[in-house]
Amino acid sequence: MIQIKDDQCVCKYKTAVALGLFDGVHLGHQEVIKKAVAKKTDKIKPAVFTFDTQSITTKGENGKLKMLITNEDKFKILEKIGVEYVFSPPFSQFKNMTDEEFVKKILKDKLNACMVACGDDFKFGKNAMGNAQSLKTLGEKYGIETCIVKKISVADQIVSSSQIRELIEQGYISKANQMLGYNYGYTLNVQHGDARGRTWNFPTINQVIPQELVLPKFGVYCSKVTIDGKKYIGVTNIGIRPTVKINGEVLAETHIVDFSGDLYGKKLKLELFEFVREEKKFDSFDAVKAEIGRNKQFAIDYFKW
């Protein structure tokens, strides 16, 4: 997948462009993106216009917004779906652009779009002046076909990033995964810890969760970790480890079942499957060790179901 820079265009090809923030690239987003991918021919390339994840700090009336995934993970999912070009500039470059300026300067002139796809609640342009219907009207003016995609539901609930964010924060990770269409998690570097778990025969990896990402409910989760292409069962504690009293960073601390080896400095994919219990403070390290053993067995049994 080619990432388009500010000084580049793809004028060699026509493009079918999926439009949206695509925070999480959930099942609803995927429906929009697949409309663009379905237009692919030798002369039309599927593309995505989105915004750099870290450049979005607020949205609507809800104030500060935590992202579901990093740009890196977003791009991996886009490429897997079939997107060949992505333009992901900072939001600040476009916040004062009118709806028509966006259609003319970005969609028509820069991306050479012949077709665009968006959700039925899509907003764009300065102060969100444009919507899906005005996009269709402007598209007709500039020779761009517009496909408006309706929301989808899972288990009688409309799929949305805000709903998924809420489920994750409340610990309903398996329900969030159903709406995402994949298992929620992180691709992060393994950092050095205090190595205490190794002395208990429960070695763990530590991954610091970036501040801009939504935080799952603190506690223990059944998980899986991908190492060199192979998935291993894990049991992950997400939180600030109140028994050990670290520096306050939010960690994903994972014991990986049936694995031994040095993983420091490696970037590993962690997937969360099921919430087990809330994070809690223990009276002793012996109590912590015993609890890890119980959680490990729970995770092993969970993946046997």
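Just so you know, residue 1 is the first one in the sequence shown, and it goes up from there. All values reported here derive from a predicted model rather than from experimental measurement.
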Answer with yes or no after comparing the ring centroid distance for Y186 and Y184 against a 6.0 Å cut-off, counting only values under it. yes
Any chance CD1 of I158 has more than 12 other-residue heavy atoms, nucleotides or ligands included, within less than 6.0 Å? no
Hey, does I33 have a side-chain heavy atom less than 4.5 Å from the side chain of V83? yes
Do L180 and L215 share a hydrophobic cluster (ILVMFWY, side-chain heavy atoms under 4.5 Å, transitive)? yes
What are the two closest non-hydrogen atoms of V25 and Q30, and how far apart are they? O-NE2, 3.0 Å
If only side-chain N and O atoms count, and only distance matters, is there a donor-acceptor pair under 3.5 Å linking T187 with D73? yes
Around F259, counting heavy atoms of other residues, nucleotides and ligands shown, do more than 12 lie under 6.0 Å from its CZ? yes
Pairing of K76 and E72 as salt bridge, 4.0 angstrom limit: yes
Test ring pair (Phe, Tyr, Trp, His ring centres under 6.0 Å), reference F49, set F22, F124, F94, output is F94
Should I4 and P89 count as side-chain neighbours, where that means a heavy-atom distance under 4.5 Å? no
Cation-pi check, K45 to Y85: give yes when NZ or CZ is under 6.0 Å from the six-membered ring centre and within 45° of the ring axis, no otherwise. no
In one Ile/Leu/Val/Met/Phe/Trp/Tyr side-chain cluster, 4.5 Å: L111, M115: no
Test the K224-Y232 pair against the cation-pi criterion, namely NZ or CZ under 6.0 angstrom from the six-membered ring centroid and within 45° of the ring axis. no
Look at the side-chain heavy atoms of Ile, Leu, Val, Met, Phe, Trp and Tyr, link any pair under 4.5 Å apart, and say whether M129 and L135 land in one connected group. no
Can you give each donor-acceptor pair under 3.5 Å made by side-chain atoms of residues 137-152, sequence neighbours left out, with the distance rounded to 0.1 Å?
| residue | atom | partner | partner atom | Å |
| --- | --- | --- | --- | --- |
| T137 | OG1 | Q133 | O | 3.2 |
| K141 | NZ | E100 | OE2 | 2.5 |
| Y142 | OH | E100 | OE2 | 2.7 |
| E145 | OE1 | K39 | NZ | 3.1 |
| K151 | NZ | D120 | OD1 | 3.2 |

Is the closest basic N to carboxylate O distance between K40 and E84 below 4.0 Å? yes
Measure from NZ or CZ of K175 to the centre of the six-membered ring of Y172, then state whether that distance is under 6.0 Å and the direction lies within 45° of the axis. yes
